Amino acid sequence: MGIRERLSGNEAVSYAIKQINPDVMPAFPITPSTEIPQFVSTYISNGEIDTEFIPVESEHSAMSAAIGASAAGCRVLTATSSCGMALMWEELYVAASNRLPIALALVNRALSGPININCDHSDSMGARDTGWIQIYAENNQEAYDNFVQAYRIAEHKDVRLPIMICQDGFITSHAVENIELLEDDKVKAFVGEYNPEQYLLNPKMPMAVGPYATSPFYMESKMNQNEAMKNAKQVILDVANDFAKISGRQYGFFEEYKLEDADYAIVMIGSAAGTTKEAIDALRTQGKKVGLLKLRVFRPFPGEEIAKALAHTKAVAILDRSEGFRAGGGPLSAEIKEHLYDIGASTKAVSYIYGLGGRDYTTVEATDVFNQLEEMIEQGKTIPQYQYIGLRK
């Protein structure tokens, strides 16, 4: 049995960082992730950990410093949100292409403009093709558990890629929940020591990091990154199984909530999954066969596994908390529809956008989505195949 605590999501992630005691943390504060470097710097000041904290002048500098420290052979992390992520953009690609297992605690927040400090997934979804692993949390417990697993995934010899551990800004980052923490010694044993095979400060093996890649080499580099991302799928599952042994909490690519016999399903990421579960419970009492697929791992994208989990349903609503600006839905919608098509599923998929800039998403709206799917299939009613939830009239 672990240690019961009442913590916010930011506190939970910071506590995981304290237990891991990484070597270096460069950071620049930005709402709503500011508390993470704040808590970590307090742990350092109190002598609880010996992480080297580097205060920098921008988020671009934070990721640049993280890249340098990781290339030198250190276990490294940083934290950011929204426009901070955008300022790191150039360096995100550098970190991934250099195969540096940096951990990024990302507290999701809408990107400007217009200026907004509340939650949506436009920051991480905008970075979906930078080559980083992305894992998302519904609640504070999952945010903690995901970060404990992060380095085991990123540092694996078959992966060696940077990883984003994402949680919803303010919704989980600042709200306090009861969670269960692992004992320090269990976390330290689980994560282990970082012993990179190659690093800049190893005099016995000189190496270059980030050299200029001419045309005959660049594509091979990208293919190697892609192979590492494919390898990450099995590593994520293996690490999750090992984590279950010490915590009793099992994770995978996604959670299936009353999905096994569902005729109609919603697919979504993050904290709003809890709202959808409440709606499902109520509809089940009315005899409605509805369910949820809550995606945890977005990169590498478990497309075939998702499609097979949904293939028995009559219709599925894919809810994105970021706009894809393709005039047809968000990034999650596009990728799931592709894989449903690939396996020849007869499931009808409808795209929805919700929760942008922190807009509320309610059980009433979740119920309405399920009703729309049922009316489309059972009554032949025409519904918009791409629509926003909760727009003001």
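Numbering starts at 1 and runs along the sequence shown. Keep in mind that this is a model prediction, so the values were computed, not measured.
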**Prompt:** Within 45° of the ring axis of Y43 and under 6.0 Å from its six-membered ring centre, is that where the NZ or CZ of K18 lies?
**Reply:** yes
**Prompt:** According to the interplanar angle, ranging from 0 to 90°, do the rings of Y361 and Y354 count as parallel (below 30°), tilted (30 to 60°) or perpendicular (above 60°)?
**Reply:** tilted
**Fill in**
Residues pairing under ring-ring contact (aromatic ring centres under 6.0 Å, His included) where one sits in residues 121-155, two or more places apart or in two chains, turn out to be H121-Y136
**Item:** Residues that R75 engages under salt bridge (charged side-chain N to carboxylate O under 4.0 Å, His left out), provided they are two or more places apart
**Value:** E155
**Message:** Between D242 (side chain only) and R152 (backbone N and O only), is there a donor and an acceptor less than 3.5 Å apart?
**Reply:** no
**Asked** Which residues pass the salt bridge (charged side-chain N to carboxylate O under 4.0 Å, His left out) test with E323, sequence neighbours left out?
**Response** none
**Asked** Do other residues, nucleotides or ligands put more than 12 heavy atoms under 6.0 Å from M219 CE?
**Response** no
Report, one line per pair, each donor and acceptor closer than 3.5 Å where one atom sits in a side chain of residues 343-350; sequence neighbours left out.
from, atom 1, to, atom 2, distance (Å)
T347, OG1, L310, O, 3.1
T347, OG1, A311, O, 3.3
T347, OG1, T313, O, 2.9

**Message:** Using a strict threshold of under 4.0 Å (side-chain N to carboxylate O), is an ion pair present between K288 and E374?
**Reply:** yes
**Item:** salt bridge (charged side-chain N to carboxylate O under 4.0 Å, His left out) against R299, all qualifying residues, sequence neighbours excluded
**Value:** D129, E335
**Message:** Does atom CD (E304) have a neighbourhood of more than 12 heavy atoms from anything else shown, all under 6.0 Å?
**Reply:** no
**Prompt:** Partners of R160 by salt bridge (charged side-chain N to carboxylate O under 4.0 Å, His left out), sequence neighbours excluded?
**Reply:** E197
**Asked** Are K233 and F253 in a cation-pi setup, meaning NZ or CZ lies under 6.0 angstrom from the ring centre and within 45 degrees of the ring axis?
**Response** yes
